[in-house]
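Worth saying up front: this structure is predicted, and the values here are computed from it rather than measured.
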Amino acid sequence: MNSCMNETVCPGPEAPYKPCHSTILRQGISRHQVGDLNGAMDCYERALRIRLEAPSPEVDQGNMSRSDESFCPANATVQGGLTLPEPQLVGDDAKSDSSLIGMGRYVKPLLHEAFHDLGEEATTAVLLFNISLIKISQQYFKVAANLLHLALLDMYKIEEKVTDRTEGGRSSSTILRLMICTNLGHALYRLRRFDEAANRFEESASLPGMMLEHARRRQIAASRRNMGSADSIRNFLRTLVGTLLHTARARDAAGNMPEQALALAREARGLCETLLTCFPTFDQNDDAGQQEDYAKARVDGGLSTIAAYVEAIVQLKRCKLDQAEVLYRQCLEGIPSEECSPRSSSPSSLGCASPFAPLRSASLYGLGRALFQRRRVEESVAYLRAAWSLRARALGEAHPDTIEAFYSMGRALHDADELTDALSVYERAHRIQVRLRGPGHPDSLRTLCNVARVRRTCGLQSEALEACKEAVREGKATLGERHAFVLDMLTMTGAILHDIGRPSEASAVLYEVLRCVDDSQAKMDDLLSNCPASSFLAGVAPGAAAA
């Protein structure tokens, strides 16, 4: 009897400890931060499974008391408010892909305690967000987009429930939705679903403004006496600039709203001017506080330079070449650098390494293109060569951005009548393209077309004929025998055969062109008259058929 009573009074051995999803989430974040993505993914998936299978927020029931209470706070408050994060607009993505300059995303994993006021529902969204970070870093963009879409649906449900909660709850839900929308837009952009990406970016662009308006209603003034408030407003403005640039790039890539893309880029530049004007800049040699302000002003200046770059891209695509040139030069003058003078825009002075090296090489390349299209080809060569040199050192000669700059330099040399140099560049670029992309890739065919043109112009008729035959063979295999590129290369082949005194072979080739175009009224003489030797010289558009 006593033993029974003792058993009642003194419980037996404790049940095995079962960690809560918060503990596992924190472990996942620790592994994520040290680069153990597989370990982090395992933790995130376990935490998500526990969260989804839990009948109530009290996941661990009797075991909850065994976990560290700091992992699962019940009514904790975030000291000083939740900080609005800023995505890096020239981050690791942009280092390897210039099309991602200005396309920042959030890269740090989240802990759900920061959103405690939203309830346990926010944990699922946080876990989905963290898993998507790993998937984006592994370039599984479709999986990441699906995860972020689910997280966004969760946020819509959460925001319906927190409408009547505290102001902090509304603020934290807005921040979490901002981060989810931004990364969802980034994943869609990488999938080349540009319209969908722009829609998500537009949603994220509305959120910093809402938070800033909320701050204004609370009469938070940006002053030296209230530095925390000033920094918050500065942070809101920076984030708004980023979301506007994201949307501008997506709209520009979609190609169906160029005026809207331009308006967004200009709005971002205007906000950057506000940042630079309204927040004071101090000399970096002053005391520590003033040096901190100087560092912040440098960040704002870098943001303004990125905004100018995005606007320059839009203007170049709109063929507003004079405006694009001015903007690219502003970029080169405004790029911050510790190693070289930021006020020099000559190509030779812009080769030093810095965190903004991708922006520098992209601006050099854009300026070179703008000058080329304005027919200032000699001047464009210097900038294109500088861009290629920077990219070759940073990315290697086989990187797509490097090859693009190298080919463009060849085009500029071609139009500048530097035919020997142009031919050398074309031939080298073609070898790299064939090795990486195959002989039938459109870029390989385009370059091979210009190899044939320059060889013919230089009097290397046999070598030009060889290049033409290769282009016809690979073009037929990839594009089909009736493609305009194939017909153009056949016509050039016939013209070369005619020039070197092989008229019967020339006639056979040109009759093949006639058969393909199915135009019984066309005459062989007409075809020859449409392809004079001057059309193969470096002129307004060398390689037009393949471009």
Checklist entry - Quick one: does Ser304's side chain have a donor or acceptor within less than 3.5 Å of a partner on Gly301's backbone? => result no

Checklist entry - Charged N to carboxylate O below 4.0 Å: is that the case for Arg329 and Glu325? => result yes

Next on the checklist: One pair to check against side-chain contact (heavy atoms from CB on, under 4.5 Å): Tyr328 and Leu332. What are the steps and the verdict?
Outcome noted: CA-CA 6 Å; Tyr328 280 127; Leu332 294 173; 5.6 Å; no

Checklist entry - Would you call Leu150 and Asn146 a side-chain contact if the rule is heavy atoms closer than 4.5 Å? => result no

Next on the checklist: I need the Leu37 CG to Ser137 OG distance, nearest 0.5 Å.
Outcome noted: 5.0 Å

Next on the checklist: Can you tell me how far apart CG (Leu303) and OG1 (Thr239) are? Round to the nearest 0.5 Å.
Outcome noted: 9.5 Å

Checklist outcome for this item: Separation between CG (Leu395) and CZ (Arg393), nearest 0.5 Å, reads 11.0 Å

Item to check | Check: His246 side chain, His186 main-chain N or O, donor-acceptor pair, under 3.5 Å | outcome: no

Checklist entry - Between Asp415 and Arg375, is there a salt bridge with N-O shorter than 4.0 Å? => result yes

Checklist entry - Please walk me through it: do Arg251 and Glu202 pass side-chain contact (heavy atoms from CB on, under 4.5 Å)? => result CA-CA 10 Å; Arg251 288 296 181 205; Glu202 285 181 348; 3.1 Å; yes

Checklist entry - At what distance, to the nearest 0.5 angstrom, does CG of Leu359 lie from OH of Tyr309? => result 7.0 Å

Next on the checklist: Closer than 4.0 angstrom, basic N to acidic O: yes or no for Glu203 and Arg177?
Outcome noted: yes

Checklist entry - So, does Thr305 use its side chain to make a donor-acceptor pair with the main chain of Gly334 at under 3.5 Å? => result yes

Item to check | Tyr407 six-ring centre to Arg446 NZ/CZ under 6.0 Å and within 45° of normal | outcome: yes

Item to check | Distance flag, aromatic centroids of Tyr383 and Tyr365, threshold under 6.0 Å | outcome: no

Checklist entry - Of the non-hydrogen atoms in Ala386 and Leu364, which two are nearest, and what is the gap between them? => result CB-CD1, 4.0 Å

Item to check | Donor-acceptor contact present, side-chain Thr402 to main-chain Ala398, <3.5 Å | outcome: no

Next on the checklist: Test your reading of the model: is there a side-chain donor-acceptor pair from Ser444 to the backbone of Gly440, 3.5 Å cut-off?
Outcome noted: no

Item to check | Pairing of Glu466 and Arg455 as salt bridge, 4.0 angstrom limit | outcome: no

Item to check | 4.5 Å side-chain heavy-atom contact, Met179 and Asn183 | outcome: no

Checklist outcome for this item: Heavy atoms of Ala250 and Phe194 approach each other most closely as O-CB, 3.7 Å

Item to check | Distance (rounded to the nearest 0.5 Å) between Ile500 CD1 and Glu505 CD | outcome: 7.5 Å

Next on the checklist: Within the 4.5 Å heavy-atom criterion, are Met409 and Asp421 side-chain neighbours or not?
Outcome noted: no

Next on the checklist: Using a 3.5 Å distance criterion without hydrogens, assess whether the side chain of His149 forms a donor-acceptor pair with backbone atoms of Ala145.
Outcome noted: no

Checklist entry - Is there a side-chain contact between Leu479 and Leu445, using heavy atoms and a 4.5 Å cut-off? => result yes

Checklist entry - Would you say the side chain of Arg200 lies within less than 4.5 Å of the side chain of Glu196, judging by non-hydrogen atoms? => result no

Next on the checklist: Once rounded to the nearest 0.5 Å, what's the spacing between atom CG of Leu110 and atom CG of Leu128?
Outcome noted: 11.5 Å

Checklist entry - Are Arg502 and Ile496 close enough, and set up right, to give a side-chain contact (heavy atoms from CB on, under 4.5 Å), and what steps lead you there? => result CA-CA 9 Å; Arg502 294 158 64 178; Ile496 294 173; over 6 Å; no

Item to check | Arg385 and Ser389 side chains, donor-acceptor separation under 3.5 Å | outcome: no

Next on the checklist: With heavy-atom distances below 4.5 Å as the criterion, would you say the side chains of Ile403 and Asp443 are in contact?
Outcome noted: no

Next on the checklist: Restricting to non-hydrogen atoms, name the atom on Ser98 and the atom on Ala362 that form the minimum distance, rounded to 0.1 Å.
Outcome noted: CB-CB, 4.4 Å

Item to check | Arg238 to Phe236 six-membered ring, cation-pi geometry met (6.0 Å, 45°) | outcome: no

Item to check | From CA spacing to verdict: side-chain contact (heavy atoms from CB on, under 4.5 Å), Leu240, Thr243 | outcome: CA-CA 5 Å; Leu240 180 55; Thr243 57; 3.8 Å; yes

Checklist entry - With Arg391, which of Glu397, His399, Glu404 fulfils side chain to side chain contact (heavy atoms under 4.5 Å, CB included)? => result Glu404

Item to check | Lys476 vs Glu512, salt bridge (Lys or Arg N to Asp or Glu O under 4.0 Å): CA-CA, chis, key distance, verdict | outcome: CA-CA 13 Å; Lys476 284 183 176 180; Glu512 182 181 352; 2.7 Å; yes

Checklist entry - So, does Thr277 use its side chain to make a donor-acceptor pair with the main chain of Thr274 at under 3.5 Å? => result no

Next on the checklist: So, applying side-chain hydrogen bond (donor to acceptor under 3.5 Å, both in side chains) with Thr447, which one of Gln433, Arg428, Glu427 is it?
Outcome noted: Gln433

Next on the checklist: Restricting to non-hydrogen atoms, name the atom on Ala261 and the atom on Asp252 that form the minimum distance, rounded to 0.1 Å.
Outcome noted: CB-N, 3.8 Å

Item to check | Minimal non-hydrogen separation, Thr247 against Ala198, with atom names | outcome: CG2-O, 3.9 Å

Checklist entry - Would you call the rings of His414 and Tyr426 parallel, tilted or perpendicular if under 30° counts as parallel and over 60° as perpendicular? => result perpendicular

Next on the checklist: Taking the side chain as everything from C-beta on, heavy atoms only, tell me whether Met492 gets closer than 4.5 Å to Arg453.
Outcome noted: yes

Checklist entry - Under 6.0 Å from the CZ atom of Arg192, do we count more than 12 heavy atoms belonging to anything else shown? => result no

Next on the checklist: If I compare all heavy atoms of Ala307 with all of Leu245, which pair ends up nearest, and what's the gap?
Outcome noted: CA-CD2, 3.7 Å

Next on the checklist: We want to know whether Glu311 and Gln330 form a side-chain donor-acceptor pair, criterion being a heavy-atom distance below 3.5 angstrom.
Outcome noted: no

Checklist entry - Any side-chain heavy-atom pair from Arg234 and Leu237 closer than 4.5 angstrom? => result no

